[in-house]
Amino acid sequence: MSIYDTLNEQQREAVFCTEGPLLLLAGAGSGKTRVLTHRIAYLIEQGVNPYHIMAITFTNKAAREMRERVDALVGSGAEHIWVSTFHSTCVRILRRHIDKLGYDNSFTIYDSDDQKSLIRGICKQFRVDTKSLPERAVMNAISSAKDEFMTPGEYETRYNFDFKKKKIAEIYKEYQKQLKANNALDFDDLLFKTVELFQFHPEVLDYYQERFRYIMVDEYQDTNTIQFQLISMLARKYQNLCVVGDDDQSIYKFRGANIKNILNFEGVFQDAEVIKLEQNYRSTKNILNAANEVIKNNKGRKEKALWTENDDGDSIVFHQYGTEYEEAGQIVEEIGRLAKDGVNYKNIAILYRTNAQSRIFEEKFMIKNIPYRIVGGMNFYQRKEVKDVICYLKAVDNGLDDLAVKRIINVPRRGIGATTIDKVQTYAIEQNIGFLDACFEARQIESLANAKRKIEKFSELIADFREQAQKGSLEDLFHYILKQTGYVTGLEAEGTEEALVRIENINELLNKIVAYEEAAEDPTLSGLLEEIALVADIDSLEDSDNRVVLMTLHSAKGLEFPYVFMSGMEDGIFPSYMTIISEDQEELEEERRLCYVGITRAKERLYLSAAKRRMMQGRTQFNKVSRFIDEIPQELLKLDYGVNLNDKRPDHDIFSSNRRTQFRKPFQKHQFAEPKAESLSYGAGDRVSHIKFGQGTVMEIVSGGRDYEVTVDFDKHGVKKMFASFAKLKKTEQN
Ligand SMILES: Nc1ncnc2c1ncn2[C@@H]1O[C@H](COP(=O)(O)OP(=O)(O)OP(=O)(O)O)[C@@H](O)[C@H]1O
Ligand SMILES: [Mg+2]
């Protein structure tokens, strides 16, 4: 039996269609990604050198998975396939050739935090009134311009009649100038500069066209204009481009995803083969039908009839709870029950519309001691302490990164204030050198007066780190920096729970560094920083982790879980309040596609839930059940307690609507409780262990509103008071 026997006829057709452009357009769970992996295996079997194959995936995790699957299928050679995300692809290309565009090949990558500081500085410099033109708006405008491959000059010409946009053009121009001076690229630049490189240096393009003779792109519906430009340039010569996607799952319009890329594919790549898949292998009939019924309400879509041979499966469960606390509490209870029945935590996902919704779940999970992990949200690498240490590493690696240097010049405190920094900056501008170089010339900066010595000491410190970087491993460098700066000692002296968590995070960063040094073929500081810059948080999702996964609907794209909870199914949350008040049909359709993505993540059982009352932006809101729930036929749903079906209008209706009411069931009064303290897994007198303080005995637990204050007598460190949620104490065996 060959590996292709496990594919259906259309899937096989797509796998065997190796030459020329191919568009594989198919609904969720129909095996698109699976076709891609098999197609790669088939190409190799046909004698194509793996070196000539490129596959672009949505996340690094998806890339890793694809390589593993191909490895399993073909045995050897898979390591030579170029599997990566758009961004990683561009970084790899730019590291080799960006000097042709006047940058240094050791450029740094700025995250949105860095971007924002840079833009803030420019707005200040240009005296922009950030009330009428907020920094975030500027940032988004610049980002959209880059998605459309528009330079500052082009932007200015296009919008020269619009006062605000003219201002943005000015900022955009200065922003690019400063990025270049810092030898830095932002995320959008990675694509922009690669396309520019190909445009101005045809010999480089030719090299990559020769290399990537077979190109495959997953999740094609979410590519934006510049991404399309990149792949069409690469595929121009050999025309072997296979894209797979689902127009019903296009959910990144706000980031410039261009659905025209699907609709016009056959226009740009003539003679393109188009194959459709209609059998879903992922979900039960009930789940799939619910998804079909919801997406049917979108007008702007290609008709599709997705079906499955899978069983009907369980009914979809829908609960309306009194409050968001109750909703989260009950979901966590149910997860506890599932676990008792033998379900692995990692097979369960909770999905929500916005990151902020995760907080209450976290509290409930901590109280119940259920392992969970949040994907996305506050990225680990954006936490203050982690970022501080990374900025030291950046300063050591790339002396031109002014932002990094300025961030740490007075962290920990060295008595270097804003005025001193300004003086150094002025000197740097006068001399046309970078900020750190100006620090090295502190002696020459007369205006510094007494601060001269402080700046000198700081630059000596960095010089010392650079020397260390030459001598030892990255791990050594990390320890050396922490020791010489006294960063951790400072936190230890603070002694607060928060400081302890920060120390834990720094240790976690060390874990990352060690892992990188072990895994990388040729570990370098630049390589490490690059890897850190490119990980989306979703990439840290390891299958081996047996934990419940929490993430936004957007992050869930392409993934699947046996048990899925979609929470906050309320008008005003999902679809979002902005969508509802805008009355923009296109936006509503995008939200509906997101709902379709959510539903189709579930393999076996889907739970939907809503809360009647919810705190939003500090105010209690009364939300109606989401219109998307109404779109699911009643016979697919199991409605549980708490749902008042005749009275779907809440006490205070924030949205007027004359939607028909589909559900007719007797009203059941539901008692809802206020958020209530639940017990910890340990009590007074229990032996517990703490990650830093080791073993101890719990002396007292006091409920302090949201959290518990726990007093523990540690065997080695004495009595300490801590918040339960931070301390993460574990009960240990009594003896
Ligand atoms: N022919 C098949 N036989 C058995 N299982 C299959 C077959 N095709 C796909 N599957 C399984 O169905 C599930 C969905 O496949 P896959 O993730 O490739 O779908 P997809 O179309 O990429 O979905 P999405 O649109 O969500 O990205 C996977 O678990 C996959 O292994
Ligand atoms: Mg897929």
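As the structure lists them, so they are numbered: ligands from 1, and atoms in each ligand from 1.
- Ranking the protein heavy atoms by distance from atom 9 (C) of ligand 1 puts Arg34 CD, 3.1 Å first.
- Ligand 1 has no N or O atom lying under 3.5 Å from any N or O atom of Leu7, backbone or side chain.
- Contact annotation for Asp246 and ligand 1: no heavy atom of the residue comes within less than 4.0 Å of the ligand.
- Note: His554 and Tyr252 have tilted aromatic rings, judged against thresholds of 30 and 60 degrees for the angle between ring planes.
- For Tyr563 and Tyr607, the gap between ring centers reaches or exceeds 6.0 Å.
- Residue Thr6 approaches ligand 1 through these ligand atoms, each under 4.0 Å from one of its heavy atoms: 1 (N), 2 (C), 3 (N).
- The proximity of Lys557 to ligand 1, defined as any non-hydrogen pair under 4.0 Å, does not occur for either the backbone or the side chain.
- The six-membered or imidazole ring of Tyr372 lies away from that of Phe361, with a centre-to-centre distance of 6.0 Å or more.
- For the pair Gln279 and ligand 1, no heavy-atom separation below 4.0 Å is found.
- Checked against a 6.0 Å centroid threshold, the rings of Phe187 and His87 count as neighbours.
- Within the 4.0 Å heavy-atom cutoff, Thr600 does not count among the residues contacting ligand 1.
- Heavy-atom neighbours of Glu9 CD from other residues, nucleotides or ligands within 6.0 Å: at or below the threshold of 12.
- The closest approach between a heavy atom of Gly558 and any atom of ligand 1 is below 4.0 Å.
- Taking every non-hydrogen atom of Glu560 and a distance limit under 4.0 Å, the qualifying atoms of ligand 1 come out as 13 (C), 14 (C), 28 (C), 29 (O).
- Here CE of Met216 is found 12.0 Å from OG1 of Thr57. Values are rounded to the nearest 0.5 Å.
- Between Glu591 and Arg353, at least one side-chain N (NZ, or NE/NH1/NH2) sits under 4.0 Å from a carboxylate O, which counts as a salt bridge.
- Each of the following atoms of ligand 1 lies closer than 4.0 Å to a heavy atom of Gly27: 21 (O).
- Counting the atoms of ligand 1 from 1 in the order shown, those under 4.0 Å from a heavy atom of Arg601 are 26 (O).
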